[in-house]
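Notes follow once the structure below has been shown.
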Amino acid sequence: QKEVEQDPGPLSVPEGAIVSLNCTYSNSAFQYFMWYRQYSRKGPELLMYTYSSGNKEDGRFTAQVDKSSKYISLFIRDSQPSDSATYLCAMRRNSGNTPLVFGKGTRLSVIA
Amino acid sequence: GAVVSQHPSRVICKSGTSVKIECRSLDFQATTMFWYRQFPKQSLMLMATSNEGSKATYEQGVEKDKFLINHASLTLSTLTVTSAHPEDSSFYICSARGEGAGQPQHFGDGTRLSIL
């Protein structure tokens, strides 16, 4: 079993839809959870950053972490064509310079 | 938000050339920097982790003599691909994290390297 599992998609939704992206993980030591958005030929852009369990909202984006289920989610409300990108979940332990562990990324297309 | 600047964004050069890529944290001190390689439609593959003033730690299978990493200051790290060959063609991305356990990690916009 991989440390972080993420459905690669592709996921195609109409403009205005609510998008739900998620990742599962196996390492209970993960404490920091991130969602990145990556456009083609660009580096990943940090969207959401959460510590431990709970919800975090920023504009149209909501991140949820359920450590008991080892499950994290990113919701995008009122999706726009400009949201079309690859979304990567990432997480790491709370110690030293441990690197991020990434999911494979989900390709999202929002159709106008 | 925090910005990581990576330069150049695109390099095309002949086989045997050495190529240097720069990564700068513009508004924070990056105690740790990471270098990744990404193949088309795949996730990021960590190559090495570097701390300011220390030797980089390379991931298994990454040749340290091929990919030279220098992290001489808290705002600058460089990756030099020595004697590059066509199989080194890829998308290289740097990332930086500030001091402290809770600091997020920010990425540069990547360098697309093409070796002819």
Side-chain angles (χ1 to χ4, degrees), chain A residues 2-11 21 23 25 29-52 54 56 58-59 61 63 65 84-109, chain B residues 1-7 9-10 21 23-24 28 30-52 54-60 62 71 90-114:
Chain A
K2 292 187 177 179
E3 273 196 296
V4 180
E5 299 272 8
Q6 182 178 9
D7 187 339
L11 179 63
L21 305 168
C23 290
Y25 62 95
F30 288 141
Q31 294 279 1
Y32 295 98
F33 303 91
M34 283 135 276
W35 285 95
Y36 289 89
R37 176 175 63 195
Q38 187 176 23
Y39 292 112
S40 180
R41 298 174 183 265
K42 290 289 188 180
E45 172 194 1
L46 182 63
L47 282 178
M48 301 293 282
Y49 178 55
T50 53
Y51 172 72
S52 196
K56 186 173 184 177
D58 184 0
F61 299 92
V65 175
S84 299
T86 296
Y87 290 80
L88 297 151
C89 66
M91 50 199 78
R92 65 179 176 89
R93 293 179 285 122
N94 182 19
S95 62
N97 297 321
T98 53
L100 294 176
V101 181
F102 283 92
K104 281 182 172 274
T106 300
R107 293 179 63 197
L108 171 67
S109 294
Chain B
V3 178
V4 175
S5 175
Q6 187 172 342
H7 178 80
S9 59
R10 184 81 166 100
I21 303 169
C23 180
R24 295 181 184 273
F28 67 101
T31 50
T32 307
M33 285 188 168
F34 306 85
W35 287 94
Y36 295 83
R37 186 171 178 175
Q38 187 175 35
F39 293 101
K41 298 186 179 182
Q42 295 195 21
S43 192
L44 291 83
M45 183 186 78
L46 180 65
M47 299 174 66
T49 302
S50 74
N51 293 300
E52 184 263 338
S54 303
K55 287 186 178 180
T57 301
Y58 290 80
E59 295 298 301
Q60 191 173 7
V62 178
H71 189 172
S90 191
F91 191 49
Y92 293 88
I93 311 174
C94 74
S95 183
R97 185 192 299 168
E99 186 174 6
Q103 293 301 308
Q105 190 168 322
H106 298 278
F107 287 80
D109 258 348
T111 297
R112 188 162 303 279
L113 176 63
S114 298

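Lettering follows sequence order; numbering is per chain, from 1.
- Of the atoms belonging to Arg93(A), not a single heavy atom falls under 4.5 Å from chain B.
- Environment of CD in Glu99(B): sparse, with no more than 12 heavy atoms of neighbouring residues, nucleotides or ligands closer than 6.0 Å.
- If you tally non-hydrogen atom pairs under 4.5 Å between each of Gly105(A), Pro44(A), Ala90(A) and chain B, the highest count goes to Pro44(A).
- Contact of Tyr36(A) with chain B is made through the side chain alone, with heavy-atom distances under 4.5 Å.
- The line from NZ of Lys42(A) to CD1 of Ile93(B) is 11.5 Å long, rounded to the nearest 0.5 Å.
- Residues Arg92(A) and Gln103(B) share a closest heavy-atom pair of NH2-O, 2.9 Å.
- Closest approach of Arg97(B) to Leu100(A), counting heavy atoms only: NH2-N, 4.3 Å.
- Contact between Gln38(A) and Phe91(B) at its shortest, heavy atoms only, is NE2-CE2, 4.2 Å.
- Contact between Ser43(B) and Phe102(A) at its shortest, heavy atoms only, is OG-CB, 3.6 Å.
- The OH atom of Tyr49(A) sits 9.0 Å away from atom NE2 of His106(B), with the distance rounded to the nearest 0.5 Å.
- There is no contact between Gln6(B) and chain A, counting heavy-atom distances below 4.5 Å.
- For the set Leu46(B), Asn51(B), Thr49(B), the entry with the most heavy-atom pairs within less than 4.5 Å of chain A is Asn51(B).
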